[in-house]
Amino acid sequence: MELIIGSHVSFTKDDQLIGSVREAISYNSSTFMFYTGAPQNTLRVALDENKTKEAYALMKKNNIELKNLVVHAPYIINLANIKNFDFNIKFLKEEISRVESLGIEKLVLHPGSHVDVGVDVGLKNIIDSLNMVLTENTKVIICLETMAGKGTELGKNFDELKTIIDGVKYKDKIGVCMDTCHLNDAGYDLTNFDLILDEFDKKIGLKYLKVIHINDSKNVINSHKDRHENIGYGTIGFDKLIKIIYHEKLKEIPKILETPYVEKHAPYKEEIEMIKSKKFNDNLIEDILK
Ligand code: FE
Ligand code: FE
Ligand code: ZN
């Protein structure tokens with residue numbers, strides 16, 4: 001089976017999904033992830049069904065499977081603190097139906113930050129919100145992302161994610177998105193990823209793992225910072241990331257790069273090339289700028 005790898009791409013008002021597919025193809029990706037609008041706001045355009053169909057045709061030609069595509073929910077949604085409860089619920093419901101009408105299954109969501117209500121109340125707020133949003137008929141799987149633990153972020157360890165999943169009624173509509181930078185920054189040592197997978201399997205269950213964000217980190221383990229670095233140029237390093245990307249148990253899971261642009265140039269084509277060749281490119285930055 002071919003490696004399922006891609007990156008974050010844009011989704012614009014005019015081109016919509018066709019533009020995202022074209023961008024992914026330009027990086028030689030076999031999947032991709034996008035925000036349906038700006039991540040920091042909730043302004044969203046109406047979806048054009050013809051454009052979606054055209055995008056599907058282009059995907060088919062390029063062996064990109066719909067089941068591997070990922071949408072990232074805007075990070076202003078915060079289910080852990082109920083200050084904007086009605087707004088959050090309404091927007092997340094709308095986002096789910098947008099993702100469903102694109103035919104996409106995986107929706108990545110940051111669990112949220114408790115701000116000032118504490119971990120336990122924060123986790124309960126997330127559970128209550130998810131139970132208000134998910135129904136028997138929901139077609140998407142909300143993939144809770146593992147977080148770095150910056151500020152009051154929740155989902156910084158598998159225990160918190162387990163607590164949330166335990167409380168969710170429709171468990172087939174919930175999953176997890178691991179982020180390698182976040183795991184490192186939250187204190188997980190990626191040197192032996194098998195140990196991490198074992199812990200995840202024991203506490204949550206491997207079948208809940210739906211997406212992996214592949215990023216290096218600018219900061220040391222347990223720094224709680226969340227600053228992504230280009231593949232092989234951070235504190236995690238190329239070899240550990242390659243082991244994760246090619247792990248036997250993760251074959252069917254889409255891997256998404258969210259590494260930083262280099263002087264306004266997307267690094268993904270060169271990073272994917274490096275990953276496919278399994279050989280570290282110490283000229284990556286120069287190659288990206290070329
Ligand atoms: Fe994220
Ligand atoms: Fe991420
Ligand atoms: Zn991040």
Side-chain angles (χ1 to χ4, degrees), residues 4-11 20 29 31-42 68-80 88 91-92 95 99 104 106-113 126 130 140-158 160-161 164 174-188 190 193 196 200 208-231 233-236 240-241 244-245 250 253-261 266-268 271-272 275:
I4 308 167
I5 192 145
S7 69
H8 168 256
V9 297
S10 58
F11 180 93
S20 310
S29 295
T31 185
F32 56 89
M33 179 181 84
F34 60 94
Y35 290 92
T36 61
Q40 66 276 21
N41 69 46
T42 52
N68 292 326
L69 302 196
V70 183
V71 170
H72 198 310
Y75 45 71
I76 50 155
I77 296 182
N78 183 7
L79 302 185
N88 277 318
F91 185 78
L92 188 54
E95 185 74 354
V99 174
I104 296 174
K106 297 169 182 24
L107 175 60
V108 170
L109 175 74
H110 293 179
S113 297
I126 296 168
L130 289 171
V140 304
I141 296 175
I142 292 190
C143 306
L144 302 168
E145 185 163 352
T146 61
M147 303 309 290
K150 194 172 68 181
T152 61
E153 272 174 357
L154 297 173
K156 58 189 179 291
N157 56 52
F158 300 158
E160 289 180 356
L161 292 172
I164 298 170
I174 197 95
V176 173
C177 166
M178 282 189 183
D179 182 308
T180 55
C181 168
H182 299 176
L183 284 172
N184 174 78
D185 291 13
Y188 286 91
L190 301 181
F193 200 66
I196 293 177
F200 186 87
Y208 283 97
L209 184 57
K210 302 292 182 189
V211 184
I212 302 189
H213 289 166
I214 303 287
N215 303 303
D216 216 323
S217 173
K218 283 194 200 298
N219 294 98
V220 293
I221 184 168
N222 211 17
S223 58
H224 304 290
K225 285 282 202 328
D226 188 4
R227 291 186 65 216
H228 303 184
E229 182 55 282
N230 292 104
I231 304 301
Y233 285 78
T235 60
I236 301 171
K240 287 180 208 169
L241 291 171
I244 298 168
I245 293 166
L250 310 176
I253 295 170
K255 323 228 168 34
I256 305 287
L257 303 168
E258 305 172 291
T259 48
Y261 272 47
Y268 308 122
E271 286 182 325
I272 287 171
I275 287 165

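Order of listing sets the numbers, starting from 1, for every ligand and every atom in it.
- Put simply, the angle at the Zn ion (ligand 3) from NE2 in His228 to OD1 in Asp226 is close to 90°, to the nearest 10°.
- In this model, no donor atom of one side chain and acceptor atom of the other lie less than 3.5 Å apart for His228 and Asn230.
- A donor-acceptor contact closer than 3.5 angstrom is absent between the side chains of Asn88 and Asn78.
- With respect to the Fe ion (ligand 2), Asp179 has OD2 as its nearest N, O or S atom.
- Aromatic pair Tyr208/Phe200: centroids not less than 6.0 angstrom apart.
- The minimum distance between the Fe ion (ligand 2) and any N, O or S atom of His213 involves atom ND1.
- Shortest non-hydrogen contact noted between Leu161 and Glu145 is CD2-O, 4.4 Å.
- For Glu258, every N, O or S atom stays at 2.8 Å or more from the Fe ion (ligand 1).
- Within Glu145, OE1 is the N, O or S atom that lies nearest to the Fe ion (ligand 1).
- Cys181 lies apart from the Zn ion (ligand 3) in this respect, since none of its N, O or S atoms is found at a distance under 2.8 Å.
- Using the six-membered ring where Trp is involved, His72 and His213 have ring planes that are parallel, under 30° apart on the 30 and 60° scheme.
- Taking backbone and side chain together, Glu258 holds no N, O or S atom under 2.8 Å from the Zn ion (ligand 3).
- At least one N, O or S atom of His110 sits under 2.8 Å from the Fe ion (ligand 1).
- His72 lies close to the Fe ion (ligand 1), since one of its N, O or S atoms is found at a distance under 2.8 Å.
- Here CG of Leu79 is found 12.0 Å from NE2 of His110. Values are rounded to the nearest 0.5 Å.
- Tyr35 and Tyr75 have perpendicular rings, their planes meeting at more than 60° on a 0 to 90° scale where under 30° would count as parallel.
- Inclusion of His213 in the first shell of the Zn ion (ligand 3) is not supported: no N, O or S atom falls under 2.8 Å.
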